[in-house]
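Contents: one structure, followed by commentary.
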Amino acid sequence: MPPQKKYETKVHRKTLNPVFNQSFIFKVPQKEISEISVVVLMYDFNKLLKDSVIGEMRIDLADVDLNHVIEDWKDLGPSGKIEHERLGEICFSLRYVPSSGKLTVIILEAKNLKRMDADGLSDPYVKVHLALNKKKWKRKKTAVKKNTIKPYFNEAFTFDVSLEQIQKIDMIISVWDHDKVGKNKQIGKVFLGCEASGNALRHWSDMLAHPRRPMAQWHNLQSAEEVDTVVKLKKNLKPPLLRS
């Protein structure tokens with residue numbers, strides 16, 4: 001019998017607080033882990049009509065540490081509104097030196113970016129934002145790379161961040177498509193900091209645990225809506241653009 005790609009739990013009748021306690025096993029090759037997402041849909045069973053979707057949730061396996069059993073609560077999103085489209089991946093390095101209060105971010109490269117232009121390519125560039133106490137604080141950006149969905153940047157940015165501030169900042173790294181005529185369009189973004197989760201939190205924690213050592217890692221881009229919902233920055237004046 002071939003391995004299943006879809007499972008269903010038993011129906012729990014007349015309750016808003018069901019306890020399922022059911023396990024399902026999926027056979028996934030190691031090399032495909034980073035490309036796979038688990039989608040969980042919650043239904044309301046109906047004997048006569050089609051079952052109604054209550055909500056859904058998506059988990060990207062690339063953002064999960066599969067070496068440990070994880071038990072966690074997740075909010076269900078509206079059905080059909082979770083972004084199924086791959087926005088791309090970005091690789092960057094983080095280095096923090098506590099003695100000098102220097103945070104260095106090296107934007108290395110990106111791949112498999114969403115095709116934003118009519119010719120099937122994009123003109124990507126990257127913005128690095130720091131927010132302190134949920135308020136926009138500092139920002140820098142890379143040069144634009146023309147006609148590519150796998151740009152190589154290798155651009156370094158250094159920020160002055162004290163040891164006290166490093167515990168209170170959020171870092172938002174966003175990839176944009178440059179448009180000569182119209183408005184620049186955001187492709188996707190990543191949020192890091194002490195309040196991040198999954199792969200992003202591990203990268204941030206590794207940087208803090210290994211001071212003065214550059215820590216490089218790949219991240220899946222998320223939609224602006226997903227990240228903004230988590231970060232919830234306070235509105236304030238636009239910060240000045242710092243030159244590298």
Side-chain angles (χ1 to χ4, degrees), residues 34 60 62-68 70 72 87-111 113 124-143 145 151-176 186-222 224 226-234 236-244:
S34 62
D60 293 325
D63 296 333
V64 177
D65 185 357
L66 295 177
N67 293 314
H68 301 89
I70 300 172
D72 197 9
L87 301 175
E89 300 169 65
I90 185 169
C91 182
F92 53 87
S93 168
L94 301 178
R95 177 175 183 261
Y96 184 63
V97 182
S99 58
S100 62
K102 299 290 185 183
L103 171 62
T104 301
V105 183
I106 303 178
I107 304 299
L108 295 169
E109 58 182 311
K111 64 182 181 181
L113 294 180
Y125 67 97
V126 178
K127 292 182 181 180
V128 181
H129 280 87
L130 295 186
L132 180 62
N133 294 321
K134 298 299 180 183
K135 292 184 179 180
K136 292 180 180 179
W137 186 34
K138 300 180 179 184
R139 64 180 183 135
K140 295 187 179 183
K141 67 178 181 179
T142 68
K145 301 297 178 178
Y152 181 74
F153 297 100
N154 196 29
E155 292 190 46
F157 304 111
T158 300
F159 301 90
D160 290 320
V161 182
S162 70
L163 189 58
E164 180 184 3
Q165 291 169 333
I166 198 71
Q167 306 294 333
K168 302 175 182 177
I169 68 170
D170 299 312
M171 176 185 291
I172 300 98
I173 294 179
S174 54
V175 182
W176 294 72
Q186 188 168 181
I187 298 174
K189 60 189 356 179
V190 178
F191 153 60
L192 296 95
C194 293
E195 294 184 4
S197 61
N199 198 39
L201 178 59
R202 284 195 297 275
H203 194 180
W204 190 259
S205 299
D206 285 345
M207 175 197 72
L208 295 177
H210 301 89
R212 295 177 292 279
R213 186 191 303 177
M215 307 298 292
Q217 194 166 306
W218 281 96
H219 294 264
N220 287 324
L221 292 174
Q222 296 176 282
E226 285 180 279
V227 174
D228 294 345
T229 299
V230 175
V231 180
K232 295 179 181 176
L233 296 181
K234 298 174 183 176
N236 67 338
L237 296 176
K238 191 175 183 181
L241 180 60
L242 305 178
R243 296 182 181 275
S244 57

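- Distance check, rounded to the nearest 0.5 Å: NE2 of H219 to CZ of R202 gives 9.5 Å.
- With sequence neighbours left out, Q222 forms a side-chain contact (heavy atoms from CB on, under 4.5 Å) with E226, V227.
- Pairing each heavy atom of I173 with each of M171, the nearest pair is CD1-SD, 3.9 Å.
- One finds the CD1 atom of I166 at 12.0 Å from the NZ atom of K168 (value rounded to the nearest 0.5 Å).
- Side-chain atoms of R95 come within 3.5 Å of backbone atoms of R212 as a donor-acceptor pair (strictly under, hydrogens ignored).
- By the side-chain contact (heavy atoms from CB on, under 4.5 Å) test, S205 pairs with L201, sequence neighbours left out.
- The nearest pair of heavy atoms linking A143 to E155 is N-OE2, 2.9 Å.
- When all heavy atoms of W204 and I169 are compared, the closest pair comes out as CH2-CD1, 3.7 Å.
- Scored by the side chain to side chain donor-acceptor pair (under 3.5 Å) test, N154 finds no partners at all (sequence neighbours excluded).
- For N199 (side chain) and W218 (main-chain N/O), a donor-acceptor pair under 3.5 Å exists by modelled atom type.
- Residues satisfying the side chain to side chain donor-acceptor pair (under 3.5 Å) criterion with Q165, sequence neighbours excluded, are S162.
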Atom pairs and distances, donor-acceptor, side-chain atoms in residues 98-108, under 3.5 Å, two or more places apart:
from, atom 1, to, atom 2, distance (Å)
K102, NZ, D160, OD1, 2.5
T104, OG1, T158, OG1, 3.3

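- Judged by distance alone, with hydrogens and angles left aside, the side-chain atoms of Y96 form a donor-acceptor pair with the main-chain N or O of L163 at under 3.5 Å.
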N/O donor-acceptor pairs under 3.5 Å from side chains in residues 186-196, not counting sequence neighbours:
from, atom 1, to, atom 2, distance (Å)
K189, NZ, D228, OD1, 3.0
E195, OE1, K134, NZ, 3.1

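- Within the model, atoms CG of L94 and CE of M215 stand 9.0 Å from one another, a figure rounded to the nearest 0.5 Å.
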